[in-house]
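Being a predicted model, the structure only gives us computed values, none of them experimental. Every chain is numbered from 1 and lettered A, B, ... according to where its sequence line falls, protein lines coming before strand lines.
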Amino acid sequence: MGKRKAPSRENTPNSDFCEFLTELAEYEKNVSRNIHKYNAYRKAASVLSSHPTRITSGQEAKKLNGIGEKIAKKIDEFLQTGKLQKLDNIHNDSKTTAINLLTQVTGIGPAKAQTLVSEGITSLEDLEKHKDKLNHHQLIGLKYYHDFQQKIPRNEIKQIENLIRGHLEPQIHLTICGSYRRGKQQSGDIDALITHPNYTSSQPKKKQNLLKNVVTALQNCGLITEIISLGDTKFMGACKLDKNSITRRLDIRLTPFDQYFCAVLYFTGSDMFNKQMRAHALDAGFTLNEYTLRPVGSTGVPGEPLEIHSERDIFDCIGFPYKEPQDRNQ
DNA sequence: CCGACGGCGCATTAGC
DNA sequence: GCTAATGCG
DNA sequence: GTCGG
């Protein structure tokens, strides 16, 4: 048995810094509605979480990529006082804590949370009393608030995977991506990809009702219990393995056959791994996204997509040593 | 000093 | 009625 | 908030 060394937030020497940076990140996204500061704080937390030794000064932290003047200062304050004044203020502000709570309901984002709070709606109980202010997605988010907070054990996803596969025509390929494919023991949601050899990027009409038929079949067998949204290529909803199970968030995407492996690679992640791999592709003269791998000429204009027949093809084409999904956690 | 920081499918709302 | 813009994940 | 042109 190998030892997975996922730098889990708890055992890293700088976990306390990561925690307050993550809190600041949430504040910037939900309250300030500044997605770029959110990402900046997350980047800083990420670089600290994988730093092997304890940081003992802001000056030392500032050497790391993603940590600048301001965060260095906060690290010094935290080292000296054991807390952050800015975070104390945030915790004591009822408007802020309400917005942070409401955005935990799927479908309620920073904008909706803000208007709700300005109308005096600040708790789940308030939401229950004012369902008329919620759209379909948000109603499902409220109904299953506690269920969706729970992580999904790997074994349950495995059973759901088998159940789905048993209801697909044999021609349809299925891969559950995300952290499940990376071997994690639990996941936040289930991200399924499907494809069919007759449906390609050059024959987009062939998808017809492929996804809708799949969703209908999974509704009829009792697995899919809620539809949040459903188009030609993306389903978002909820499923329940059996009567004693918790309701889980399930997404299903239908991708063209010729783009399947780029999509599988992309949706397997992790985000950081994708970033590394895209950067390596660029160095090797290619551009890689969730759809295609294309050579990029000296003019900078991408050429025609390369033919990809497996995930490994993508690694080979750009000269990137193959990594099993479980080794793509960072 | 100042702009970039991912792009997209689906649902809903804004604007005409 | 339509398309564009916005919110969300 | 941080980075880089």
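Salt-bridge check for Lys143(A) with Glu226(A): passed, with a basic side-chain N closer than 4.0 Å to an acidic carboxylate O. The pair Lys212(A)-Asp232(A) meets the salt-bridge criterion, since a charged nitrogen lies less than 4.0 angstrom from a carboxylate oxygen. The pair Glu311(A)-Arg328(A) counts as a salt bridge, with a side-chain nitrogen and a carboxylate oxygen less than 4.0 angstrom apart.
If you take CD of Glu26(A) and P of dG1(D), they are 16 Å apart, rounded to a whole angstrom. Rounded to a whole Å, the CD atom of Gln104(A) is 14 Å from the P atom of dC8(C). Rounded to a whole Å, the CG atom of Leu24(A) is 15 Å from the C1' atom of dT2(D). We find that CD1 of Ile108(A) is positioned 14 Å from P of dT12(B), with the value rounded to whole Å. One can place CZ of Phe267(A) at 15 Å from P of dG6(B), the figure rounded to the nearest angstrom. Protein atom CZ of Arg253(A) is 17 Å distant from nucleotide atom P of dG7(B), rounded to whole Å.
Residues from residues 111-148 of chain A lying near DNA chain D, meaning a heavy-atom separation below 4.0 Å, are absent. Residues from residues 185-207 of chain A that place a heavy atom under 4.0 Å from any atom of DNA chain C: there are none. A heavy-atom distance below 4.0 Å to DNA chain C is reached by none of the residues of residues 70-95 of chain A.
Within the 4.0 angstrom heavy-atom criterion, no nucleotide atom of any strand lies near Asn34(A).
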Next item on the list: Could you check Gln104(A) against Asn100(A) for side-chain hydrogen bond (donor to acceptor under 3.5 Å, both in side chains), going step by step and ending with a plain yes or no?
Entry: CA-CA 7 Å; Gln104(A) 303 267 93; Asn100(A) 273 327; over 6 Å; no

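Screening residues 152-179 of chain A for ring-ring contact (aromatic ring centres under 6.0 Å, His included) gives His173(A)-Phe257(A) as the qualifying pairs, with residues at least two apart or on separate chains.
Phosphate proximity of dG9(B) to Ser229(A): absent, as no side-chain N or O sits under 4.0 Å from OP1 or OP2. Phosphate proximity of dG9(C) to Arg249(A): absent, as no side-chain N or O sits under 4.0 Å from OP1 or OP2.
Relative to the side chain of Arg33(A), the nucleotides dG7(C), dG6(B), dG9(B) differ in distance, and dG7(C) lies closest.
Residues passing the ring-ring contact (aromatic ring centres under 6.0 Å, His included) test with Phe148(A), sequence neighbours excluded: Tyr144(A). Thr216(A) pairs by the side chain to side chain donor-acceptor pair (under 3.5 Å) definition with nothing, not counting sequence neighbours.
Judged purely by atom type and a 3.5 angstrom limit, Asp189(A) has no side-chain atom pairing as donor or acceptor with the backbone of Asp251(A).
Taking atom P on both nucleotides, dT2(D) is separated from dG7(B) by 23 Å, rounded to a whole Å.
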